[in-house]
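Here is the structure we will look at.
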Amino acid sequence: MSPHSDRTRLISSATRRGQGRRPVNPPVERASTMLSDRAAAMRDNADGPTYGLDGGTAARQLRAALADLEGAEGAFIVPSGLAAVTVPLLALTRPGDEVITTDALYGPSRRFLSRYQAARGVTSRFLPADADAETVIAAIGPRTRLVLMESPASLTFEMIDVEAVARACRERGVLSMIDNTWGAGLAFKPLAHGVDVSVQALTKYVSGHSDVLMGGIAVTDSACRRAIADTIEDLGWHVSPDDAWLALRGLRTLPLRYAEQGRSGLIIAEWLQARPEVSRVLYPPLPGSVGHELWTRDFTGAASLMGVVLKGGTEAAGQALLDALSLFGMGYSWGGFESLITHETHQTAYRVYPPALEGELIRLHVGLEDPSDLIADLERGLAAFRAVLTLP
Ligand SMILES: *Cc1c(COP(=O)(O)O)cnc(C)c1O
């Protein structure tokens, strides 16, 4: 492994010498068919891929850079972040197996477990969102095949001692997997903490510009790698060369965008925490917030996605807050250059143990705008929230 930092390696992989005259960035190779010169070479992939499904140069370079970033032996790309969660689950579980996870798992991942996997005979247990490592480890039983973590978790941002869970899994012959989208493969390195499979929605910070859907799967264990490669081949998943090219472009500047957005995120979280309308900011980098100790111990940076629990309020007041903003886009997803806001109060209702919230739940993604402009915008939003509540 190169002695350089992530920030340097993500760029120096593009400028490595000894490759002849070439553009800095790979060409976009749109191809289903690859031609060979001799019949005997048609099936020989020593000369490069024999068919478009294998992926072109941009996909290969993206996979290599992702594996390097995650400290993995190999990385795969799939057409969405959700597929990065579902493919390893399909590859690594069999009917009769059980998956252990928590209530705060990303909603569509949860739906895959409770609909598709359940129909396939793979059962799932959803522990309380704030289950600690001890609770998760104690839940491992004879049928448990895999523990699926997300830390911080979706919407309520609970953290878990990933290393303790991964270690206990290894001791028991159980696989561990994490959705590391918040850490982006950058601020947290799951494989170095003993996790078997680290996945992330490249849609978010890696692509970084809200114009690509893609997932990344990083894995070191050779049996897991084989199983995941086979499943991708069996299912016929493919990522377009244009999308691979865009994600590779995003990856070059990931550390800079991530650090800047994390800085702004903390400024805004501190400002919100001091506001009279706000009960709690759910943001592990914020001192006093849920998960702060584990974040301090394990993470080297912060994403800019957080939850905000308001003091009381109604659905109409929450909507008035969103409607009053002009800089925060109203839309799903996150990790792009732009600030986004969503109203999430009702998205926790499907949980086995719905959280007790003091008021409306808002989710903020802080983009690359000037944080003082974003604060002025949020001030208008909170004034609109208050105005609705004082109406008769
Ligand atoms: C967005 C997201 C995904 C899914 O990514 P898509 O590309 O939208 O399918 C998975 N996990 C987490 C935690 C996410 O936030």
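What's counted below: heavy atoms across the whole structure, side chains too, no hydrogens, waters or symmetry copies. Read the numbers this way: they start at 1 and go in the same order the structure lists the ligands and their atoms.
The shortest separation from a heavy atom of Tyr332 to ligand 1 is not under 4.0 Å, leaving the residue out of contact. Residue-ligand proximity: Val85 is placed with every non-hydrogen atom at 4.0 Å or more from ligand 1.
Where the criterion is an N or O separation shorter than 3.5 Å, residue side chain and backbone included, Trp334 meets it with respect to ligand 1. At least one N or O atom of Thr203, backbone or side chain, sits closer than 3.5 Å to an N or O atom of ligand 1.
Residue contact check: Gly81 has heavy atoms under 4.0 Å from atoms 4 (C), 5 (O), 6 (P), 7 (O), 9 (O) of ligand 1. For ligand 1, the atoms sitting less than 4.0 Å from at least one non-hydrogen atom of Leu213 are 7 (O), 8 (O), numbered in the order shown with element in parentheses. For ligand 1, the atoms sitting less than 4.0 Å from at least one non-hydrogen atom of Ala201 are 2 (C), 3 (C), 4 (C), 5 (O), numbered in the order shown with element in parentheses. When each atom of ligand 1 is checked for a heavy atom of Leu82 under 4.0 Å away, the hits are 4 (C), 5 (O), 6 (P), 9 (O).
Between the side chain of Thr345 and the backbone N or O of Leu361 there is at least one donor-acceptor pair closer than 3.5 Å. Judged by distance alone, the side chain of Arg120 and the main-chain N or O of Thr93 form a donor-acceptor pair under 3.5 Å.
The aromatic rings of His365 and Trp334 sit tilted relative to each other, their planes meeting at an angle between 30° and 60°.
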| query | Given the rule in the ring-ring contact (aromatic ring centres under 6.0 Å, His included) test, do Phe299 and Trp182 qualify, once you have shown the distances and angles that lead to the verdict? | reply | CA-CA 11 Å; Phe299 280 62; Trp182 198 94; 5.7 Å; yes
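Looking at Asp179 against ligand 1, only its side chain comes within 4.0 Å, counting heavy atoms. Contact annotation for Trp182 and ligand 1: no heavy atom of the residue comes within less than 4.0 Å of the ligand. With a 4.0 Å heavy-atom cut-off, ligand 1 is reached by no atom of Gln200.
When hydrogens are left out, the protein atom nearest atom 1 (C) of ligand 1 is Lys204 NZ, 1.5 Å; that is the closest non-hydrogen contact.
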Name the atoms and distances for all side-chain donor-acceptor pairs under 3.5 Å in residues 37-52, with sequence neighbours left out.
unit_1	atom_1	unit_2	atom_2	d
Asp44	OD1	Ala46	N	2.9

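Inter-residue side-chain proximity for Leu66 and Leu202 is flagged as met; some heavy-atom pair is nearer than 4.5 Å.
Judged by the 6.0 Å distance and 45° axis criteria, Arg110 is not positioned over the aromatic ring of Tyr350.
Side-chain N/O atoms of Glu338 and Ser210 include a donor and acceptor closer than 3.5 Å.
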